[in-house]
Every structure is written in C-alpha cells, then in structure tokens.
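So the structure is just underneath, and the comments pick up after that.
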Amino acid sequence: MSRQEVVKVIERSDQIPFAVSWLQQMAFKGLKGGPVQISLGRKRRSKDQNAKLWPMLTDISQQVEWYGQKLSKEDWKHMLTASLTKQRAVPGIDGGFVILGQSTSRMNKELFSQLIEVIYAFGAEHGVQWSEKASQQLYELRNVA
C-alpha cells in the first residue's frame with residue numbers, strides 16, 4: 001500500500017473555510033481506498049536549514065575537544081540540541097546516560113533557527129573557524145525560516 005501525504009498550508013483565518021471544504025473533499029476521495037489519517041502541525045525545518053547544520057557540526061567535531069574527547073557530528077548534534085531544548089538525561093540500561101528529547105527532524109523552522117544560533121554561539125566561545133558552507137550569513141538562514 002502506498003502512502004500519499006497531501007499538505008495544505010493555512011496562513012490566515014480567512015483561509016479556514018476553504019481549507020475545511022478542501023479537507024472534506026480530500027477525505028471523501030481518500031476513504032475510497034481505506035481509512036484516512038488527518039494531521040495538523042507547523043512547518044518543519046527546511047532543506048536549507050538541514051544542509052547548513054551538518055557542515056557546522058563537522059566544523060565543531062573537527063575543532064573542539066570536549067573533556068578530553070573528540071565527539072562525532074551526531075554526538076555534537078545531541079549535545080547542542082539538548083542545550084537548546086533543555087532535554088533530560090537518564091541512566092542507560094547497561095550504564096552510561098541516554099539523552100531523552102526532541103529530534104531535530106521534528107523541529108519547526110523557528111526552533112531549528114534557534115538551534116543554528118546556539119551552534120554559532122558555541123562555536124564563537126570555542127574559537128571554531130567555520131568552513132565555507134557553514135559560514136553563510138545568519139540573515140540568509142532567517143530568510144528561509
């Protein structure tokens with residue numbers, strides 16, 4: 001069975017009646033193939049934001065030593081995301097600690113922009129020299145948000 005996702009963006013309250021009518025039509029069409037799931041949410045991070053994240057994490061992972069260790073890009077993503085969203089850590093089943101919290105793929109554009117700002121601030125505090133890809137103006141990123 002194939003999954004088809006249809007997205008309708010509402011930006012103003014005067015668009016709601018049209019959106020409700022559209023939703024009703026789509027639901028009736030969809031029900032011919034079986035149950036239909038309807039979701040509401042906010043726009044998630046953009047592809048440009050995601051493309052900016054990984055070069056920044058690469059720069060940090062190559063240049064910053066954390067308590068005597070070099071961390072991977074993924075480790076830094078968890079660390080910096082935890083800093084932004086004040087995530088919790090719990091003891092792991094077999095020792096160590098596990099960070100509980102939000103995935104960056106579920107972040108909306110605004111929260112993801114805040115994460116990029118946290119990364120810039122952390123990098124500035126630790127003397128990170130941003131690579132060409134990571135050093136684009138924050139202004140450009142905010143225009144995407």
Side-chain angles (χ1 to χ4, degrees), residues 1-16 18-20 22-24 26-27 29-31 33-145:
M1 175 167 68
S2 69
R3 174 188 162 124
Q4 182 180 1
E5 187 171 315
V6 180
V7 176
K8 181 72 177 163
V9 177
I10 302 171
E11 297 175 338
R12 300 180 321 270
S13 60
D14 66 328
Q15 295 173 314
I16 293 173
F18 172 77
V20 170
W22 174 85
L23 173 63
Q24 189 174 26
M26 295 301 291
K29 284 182 186 177
L31 283 171
V36 173
Q37 177 177 316
I38 298 170
S39 299
L40 290 176
R42 303 238 181 259
K43 285 185 177 181
R44 296 222 175 124
R45 68 183 184 186
S46 71
K47 290 179 183 179
D48 289 339
Q49 287 177 311
N50 191 54
K52 184 170 187 62
L53 175 68
W54 291 104
M56 294 180 80
L57 294 172
T58 298
D59 290 342
I60 290 174
S61 70
Q62 292 173 347
Q63 298 175 42
V64 177
E65 190 173 286
W66 193 252
Y67 291 93
Q69 297 182 59
K70 284 284 194 177
L71 301 178
S72 71
K73 296 178 287 190
E74 291 78 14
D75 292 338
W76 280 112
K77 183 179 83 154
H78 294 301
M79 287 269 296
L80 293 159
T81 302
S83 173
L84 174 66
T85 60
K86 309 301 182 228
Q87 294 172 341
R88 299 176 296 139
V90 296
I93 294 171
D94 296 322
F97 286 88
V98 177
I99 296 176
L100 305 174
Q102 185 172 11
S103 164
T104 56
S105 64
R106 297 190 179 273
M107 287 184 176
N108 64 32
K109 288 182 172 187
E110 181 182 347
L111 188 59
F112 204 91
S113 290
Q114 292 172 15
L115 174 61
I116 298 294
E117 290 185 39
V118 165
I119 295 171
Y120 270 125
F122 179 86
E125 291 171 5
H126 291 85
V128 172
Q129 298 295 311
W130 302 113
S131 65
E132 185 68 29
K133 275 190 157 184
S135 64
Q136 297 169 6
Q137 295 284 334
L138 254 181
Y139 173 78
E140 293 174 21
L141 182 63
R142 285 188 175 138
N143 280 344
V144 172

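Each residue takes its place number in the sequence, starting with 1. In this text, all values refer to a predicted model and were calculated from it rather than measured experimentally.
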Asp75: what forms a side-chain hydrogen bond (donor to acceptor under 3.5 Å, both in side chains) with it, not counting sequence neighbours?
Ser72

Set of side-chain hydrogen bond (donor to acceptor under 3.5 Å, both in side chains) partners for Ser105, sequence neighbours left out:
Ser103

Evaluate whether atom CD of Glu74 has more than 12 neighbouring non-hydrogen atoms of other residues, nucleotides or ligands under 6.0 angstrom away.
yes

Should the ring pair Phe122 and Trp76 be called parallel, tilted or perpendicular, given that the plane angle runs from 0 to 90° and is split at 30 and 60?
tilted

More than 12 heavy atoms of other residues, nucleotides or ligands under 6.0 Å from NZ of Lys29: yes or no?
no

Lys109 and Gln49: side chain to side chain contact (heavy atoms under 4.5 Å, CB included), yes or no, with the steps?
CA-CA 8 Å; Lys109 288 182 172 187; Gln49 287 177 311; 3.7 Å; yes

Using side-chain contact (heavy atoms from CB on, under 4.5 Å) as the criterion, list what pairs up with Leu23, not counting sequence neighbours.
Ile38

More than 12 heavy atoms of other residues, nucleotides or ligands under 6.0 Å from CG of Leu100: yes or no?
yes

When Leu53, Leu115, Ile116 are each screened for side-chain contact (heavy atoms from CB on, under 4.5 Å) with Leu80, the one that passes is Leu115

Can you list the residues that meet the side-chain contact (heavy atoms from CB on, under 4.5 Å) rule with Ile16, with sequence neighbours excluded?
Ile10, Ser13, Val20

Which side-chain N or O atoms in residues 83-91 pair as donor and acceptor under 3.5 Å with protein atoms at least two apart or in another chain?
from  : atom 1 : to     : atom 2 : distance (Å)
Thr85 : OG1    : Thr81  : O      : 2.9
Thr85 : OG1    : Gln87  : NE2    : 3.2
Lys86 : NZ     : Ser83  : O      : 2.8
Gln87 : NE2    : Gln102 : O      : 3.1

To the closest 0.5 Å, what do you measure between CD (Gln63) and OG1 (Thr58)?
10.5 Å

Those residues that, when tested against Asp14, pass side-chain hydrogen bond (donor to acceptor under 3.5 Å, both in side chains) (two or more places apart)
Arg12

